[in-house]
Amino acid sequence: MQYCPKCKVNIRGNKAGCPLCQGHLTQTPEDPAFPVLKRNKVTSITIIRVSAFAFLTLEIIMAAIWYLSAHELGHGFPWVPIVMAGGVAGWVDLLLALYVRNNVLKIITAETYIAMVIDLVIDRMTGFIGWSVIWMIPVTFIGLAAATLSIGMGTRMRLEDYIIYLAADAVFCMLQIIPILNGMNHFIWPAAICIVLYMIMTAGALVFRSRDLKNASAKYFNV
């Protein structure tokens with residue numbers, strides 16, 4: 001029988017956490033009374049195939065944008081090769097993370113932020129056309145949220161283990177307001193859509209998953 005030191009109650013069965021406080025349980029769990037049906041698990045091969053399809057889709061779309069812009073304007077958009085290179089780097093990083101079995105979300109999140117900073121620096125060094133704050137950063141934030149949710153649910157992680165990443169992304173996403181207010185972003189629709197999506201996601205987490213947010217805060221920040 002399992003035991004919750006915080007609630008000071010015994011728990012029958014085999015629970016991942018205390019039903020009352022979601023805290024850590026001690027002692028030995030009991031064998032289930034009924035046989036547990038096996039579920040189809042999402043394997044690394046499945047994740048690789050899905051990510052490969054997403055990568056190829058991105059590369060095809062970017063190649064089409066490059067060709068159409070070169071045909072209509074006489075030159076391709078300068079940010080297209082950067083997006084294509086970033087797609088290659090992201091996919092390779094995912095394969096390496098799966099191979100070494102590290103924290104995939106931590107690797108992807110860290111390198112995504114590094115990529116956004118690099119994009120902003122390149123944009124500034126090339127005369128600041130504004131493609132970084134108009135398109136790259138908003139699209140990257142949306143892609144990061146999608147990747148976080150896909151990996152979290154696909155690998156059957158507990159929500160409290162990856163909701164903190166979404167919360168941090170929401171905070172940093174709001175920084176896009178700065179270039180809007182400073183006039184650096186002269187086409188605010190992508191950034192506005194990105195911010196609104198994160199605000200809706202944050203509101204949903206606060207209303208429906210407040211306990212998971214509290215547990216995640218206690219786990220990562222000891223609050």
Side-chain angles (χ1 to χ4, degrees), residues 16-17 22 39-59 61 83 85-120 132-133 135-177 190-221 223:
Q22 305 300 317
R39 298 179 179 179
N40 293 328
K41 295 183 178 180
V42 178
T43 63
S44 298
I45 299 298
T46 303
I47 296 176
I48 291 173
R49 288 176 177 174
V50 173
S51 63
F53 176 75
F55 161 71
L56 292 174
T57 301
L58 174 65
E59 297 299 303
I61 293 174
V83 176
V88 174
W91 191 58
V92 171
D93 286 338
L94 178 59
L95 295 180
L96 290 175
L98 291 173
Y99 177 74
V100 300
R101 300 293 183 182
N102 284 331
N103 189 325
V104 179
L105 285 180
K106 183 181 293 185
I107 294 173
I108 291 178
T109 301
E111 295 191 352
T112 299
Y113 282 113
I114 293 173
M116 285 191 285
V117 173
I118 292 175
D119 290 338
L120 183 59
S132 60
V133 294
W135 295 105
M136 286 299 301
I137 292 178
V139 171
T140 302
F141 267 117
I142 294 175
L144 180 59
T148 302
L149 289 171
S150 298
I151 294 173
M153 292 186 292
T155 56
R156 300 186 182 277
M157 294 174 60
R158 292 186 301 175
L159 181 59
E160 67 180 54
D161 290 333
Y162 65 89
I163 196 173
I164 197 68
Y165 290 94
L166 296 173
D169 295 339
V171 172
F172 286 109
C173 176
M174 298 304 165
L175 296 179
Q176 294 181 93
I177 297 176
I193 292 173
C194 176
I195 292 172
V196 168
L197 289 176
Y198 267 94
M199 290 178 67
I200 293 173
M201 184 172 60
T202 302
L206 291 173
V207 172
F208 298 106
R209 296 293 184 177
S210 58
R211 176 173 292 182
D212 292 298
L213 279 172
K214 182 179 179 181
N215 292 337
S217 299
K219 178 179 180 180
Y220 288 95
F221 306 109
V223 295

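What you see is a predicted model, and the numbers here were worked out from it, not measured in a lab.
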| Point-to-point distance, once rounded to the nearest 0.5 Å, from OG1 of Thr148 to CE of Met153 | 10.0 Å
| said: One pair to check against side-chain contact (heavy atoms from CB on, under 4.5 Å): Phe53 and Val50. What are the steps and the verdict? | reply: CA-CA 5 Å; Phe53 176 75; Val50 173; 5.8 Å; no
| request: Quick one: pull up CG in Leu149 and CG in Leu159 and give me the separation to the nearest 0.5 Å. | output: 9.0 Å
| field | Atom pair CD1/CG of Ile163 and Leu213 - distance to nearest 0.5 Å | value | 4.0 Å
| remark: Minimal heavy-atom distance between Met116 and Thr140, with the atoms involved, is CG-CG2, 3.7 Å
| request: Kindly compute the distance separating CG (Asn215) from CG (Asp161), expressed to the nearest 0.5 Å. | output: 10.0 Å
| Pro138 and Gln176: which non-hydrogen atoms are nearest, and at how many Å? | CG-OE1, 3.1 Å
| query | How long is the span from the CD1 atom in Ile108 to the OH atom in Tyr165, to the nearest 0.5 Å? | reply | 10.5 Å
| query | Can you pull the salt bridge (Lys or Arg N to Asp or Glu O under 4.0 Å) pairs that have at least one residue in residues 136-147, sequence neighbours excluded? | reply | none
| query | Looking at residues at least two apart in the chain, or sitting in another chain, which of them share a side chain to side chain donor-acceptor pair (under 3.5 Å) with Asp169? | reply | Tyr113
| said: Quick check against the 3.5 Å criterion: does Ser210 have a side-chain atom that pairs as donor or acceptor with the backbone of Val207? | reply: no
| field | Smallest separation among heavy atoms of Asp119 and Met136, with atom names | value | OD2-CE, 3.2 Å
| query | Do other residues, nucleotides or ligands put more than 12 heavy atoms under 6.0 Å from the CE atom of Met199? | reply | no
| Interatomic distance, Leu166 atom CG to Leu105 atom CG [nearest 0.5 angstrom] | 8.5 Å
| request: Give the minimum heavy-atom separation between Phe141 and Cys194, together with the two atoms involved. | output: CB-SG, 3.5 Å
| request: Check Ala170 against Tyr198 and note the closest heavy-atom contact, atom names and distance. | output: CA-CD2, 3.5 Å
| query | In this structure, are over 12 heavy atoms from other groups packed under 6.0 Å from Phe55 atom CZ? | reply | yes
